[in-house]
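Shown next, in structure tokens, is the structure this report addresses.
For clarity, every value in this text was computed on a predicted model and none was experimentally measured. Counting starts at 1 for both ligands and their atoms, following the listed order.
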Amino acid sequence: MDSYKLLITGGIPLMGETYVSGGKNTSVAVIPAALLSDEECVIENLPDIEDVRVLARILRGLGAQAEYDPQARRMRVDPRTVKSCKVPYAQTQQMRASYYLLGVLLGRFGQAEVGYPGGCSIGARPFEQHLKAFRAMGAEVKERGATISAKGKMTGAHVYFDRITVGGTINAMLAAVKAEGNTILYNAAKEPHVVDLANFLNSMGGKVKGAGTDTVRITGVPHLHGSVYSVIPDQIETGTLMIAAAATRGDVTIRGCIPTHMEALTAKLLEMGVAVTDSDDAIRVRTVRGHRAVNIKTQEYPGFPTDLQQPMSALLTRASGDSVVIETIFESRFKHLVEMQRMGARVRILDQTAIIEGVEELYGSPVTATDLRAGAALVIAGLMANGTTEIYEPGFIERGYEHIEEKLRSLGADIRREQI
Ligand code: EPZ
């Protein structure tokens, strides 16, 4: 139980300018990847969030130098002192992306002993496709207790993913970049952070082609040199801020983002009647009329991101008409809607489909965040509601959004913490 709650008094249109931080889901892939280098790496534009700090501790636990400077948003990683291939469950269960240490340690040392990952409870989240890729590249993989042990010299292979998996694609790239021979990943994920990782690996001398398409080709290289690399801005934070601006019927410009990463969301907001205008690294969101209900079906990139389904469903609670939301990626990602019903939202949930009937108003209520993006959705609902909303377990939100309270306050939101 977190020692504090968030208090939000809603009904205030967000106005002004804010900025996007470096991407969480790219950072948690690029940071472990630095261990593949034979020299020191400097990673920049890292968001000041818990997952980045946890990864720095994990890298130090392996013997690497890994100092994160939150002011500079920079981490210096020197892997030359790594002396272990073991990451205990106590560390790995703190986050989902700890399983990237499997691909990195296999890719560099040919062995790994890594505890099961943690992460948001939004479904079963198995990782058999990751292990399938490691086995195809020559690893012997065993699971015992909550630990995965893998051993074997990585050799190039053809891997066909039975389903599109961001984590599986990334883990396979990490294992393959220094493998002997060529690897081809078929049915690969195309998310921006897959491309960002490929760019980082190539900046170290890796040979990764086709990232961002469904076929990634990797030519193994014996050595990777150091690199100074800046991660891309956070696609999901950008989208969350866009939705918050629309939900409060405000006028917000979001700077330092990549508009082309936002096309699926932008299209839906325009369909609702929200005014969205892009420039090369900024997006402006304004409300010029009431919001029409729209239907959402989450898809792998470049489709509508599952991570924005929850924030978007908060916006839809007050659209005029019924919206249908179909979640195709995770099997249990509607818990936030149950919390929003306490705020007056009218929702019917049937398996992977939620029907959201637009209402005139939401009203403040105590609610509890159950995962990172559910927390973001409840913040948006609180910003929309008349009266004050109390959000319990707000720690989830901090995991994925850098300084979100300050950013929203700078746009006029009445949001504050209170000890409990
Ligand atoms: C990444 O999770 C992100 N997390 C998630 O963001 C995001 O929702 C997801 O990709 C989809 O975009 C990080 O990058 C740290 P997947 P990941 O492997 O890699 C199933 C957030 O809020 N699957 O693409 O775990 C899986 O259960 C988080 O920032 C298998 O069945 O997602 C899921 O239903 C939440 N077997 C679907 O595929 C496997 O071997 C997509 O999973 C792997 C995945």
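- Against a heavy-atom cut-off of under 4.0 Å, Phe127 is close to the following atoms of ligand 1: 39 (C), 40 (O).
- Within the set Ile329, Asp162, Asn25, Asp234, the minimum heavy-atom distance to atom 33 (C) of ligand 1 is found for Ile329.
- Between Asp51 and Lys24 there is a side-chain heavy-atom pair separated by less than 4.5 Å.
- Glu405 has its side chain out of reach of Arg416: every pair of non-hydrogen atoms, C-beta onward, lies at least 4.5 Å apart.
- Not a single N or O atom of Ile122, backbone or side chain, sits closer than 3.5 Å to an N or O atom of ligand 1.
- Of the polar atoms of Cys120, none of the N or O atoms is found under 3.5 Å from an N or O of ligand 1, judged by distance alone.
- Looking at atom 5 (C) of ligand 1, its nearest protein heavy atom turns out to be Asp307 OD2, 3.8 Å.
- When Glu331, His193, Arg96, Arg333 are checked for heavy-atom proximity to atom 35 (C) of ligand 1, Arg333 turns out nearest.
- Interface atoms of ligand 1 facing Thr306, defined by a heavy-atom separation under 4.0 Å, are 8 (O), 11 (C).
- For the residues Met95, Arg163, Lys132, the heavy atom positioned nearest atom 37 (C) of ligand 1 is part of Arg163.
- Taking every heavy atom of both residues into account, Asp162 and Asn187 meet most closely at C-ND2, 4.1 Å.
- In summary, the atoms of ligand 1 found under 4.0 Å from a heavy atom of Lys24, numbered by their order in the structure, are 21 (C), 29 (O).
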(request) Run the numbers on Phe127 and Leu131 for side chain to side chain contact (heavy atoms under 4.5 Å, CB included), then give the verdict. (result) CA-CA 7 Å; Phe127 41 77; Leu131 307 189; 4.2 Å; yes
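- Atom CD of Glu180 sits in a sparse spot, with 12 or fewer heavy atoms from other residues, nucleotides or ligands closer than 6.0 Å.
- Below 4.0 Å from some heavy atom of Tyr99 lie the following atoms of ligand 1, by number and element: 17 (P), 19 (O), 25 (O).
- Among the atoms of Val28, none of the N or O lies under 3.5 angstrom from an N or O of ligand 1.
- Closest to atom 40 (O) of ligand 1 by heavy atom, among Arg399, Gln235, Gln129, is Gln129.
- Distance check: Leu269 CG to Ile243 CD1 gives 6.5 Å after rounding to the nearest 0.5 Å.
- Using a 4.0 Å cut-off between a side-chain N of Lys or Arg and a carboxylate O of Asp or Glu, Glu237 and Lys407 qualify as a salt bridge.
- Separating the CD1 atom in Ile349 from the CD1 atom in Ile355 is a distance of 10.5 Å, to the nearest 0.5 Å.
- For the residues Leu131, Val166, Thr26, the heavy atom positioned nearest atom 16 (P) of ligand 1 is part of Val166.
- Applying the side chain to side chain donor-acceptor pair (under 3.5 Å) criterion to Arg74, with sequence neighbours excluded, gives Glu44.
- Using a non-hydrogen distance threshold of 4.0 Å, Ala124 does not register as a contact of ligand 1.
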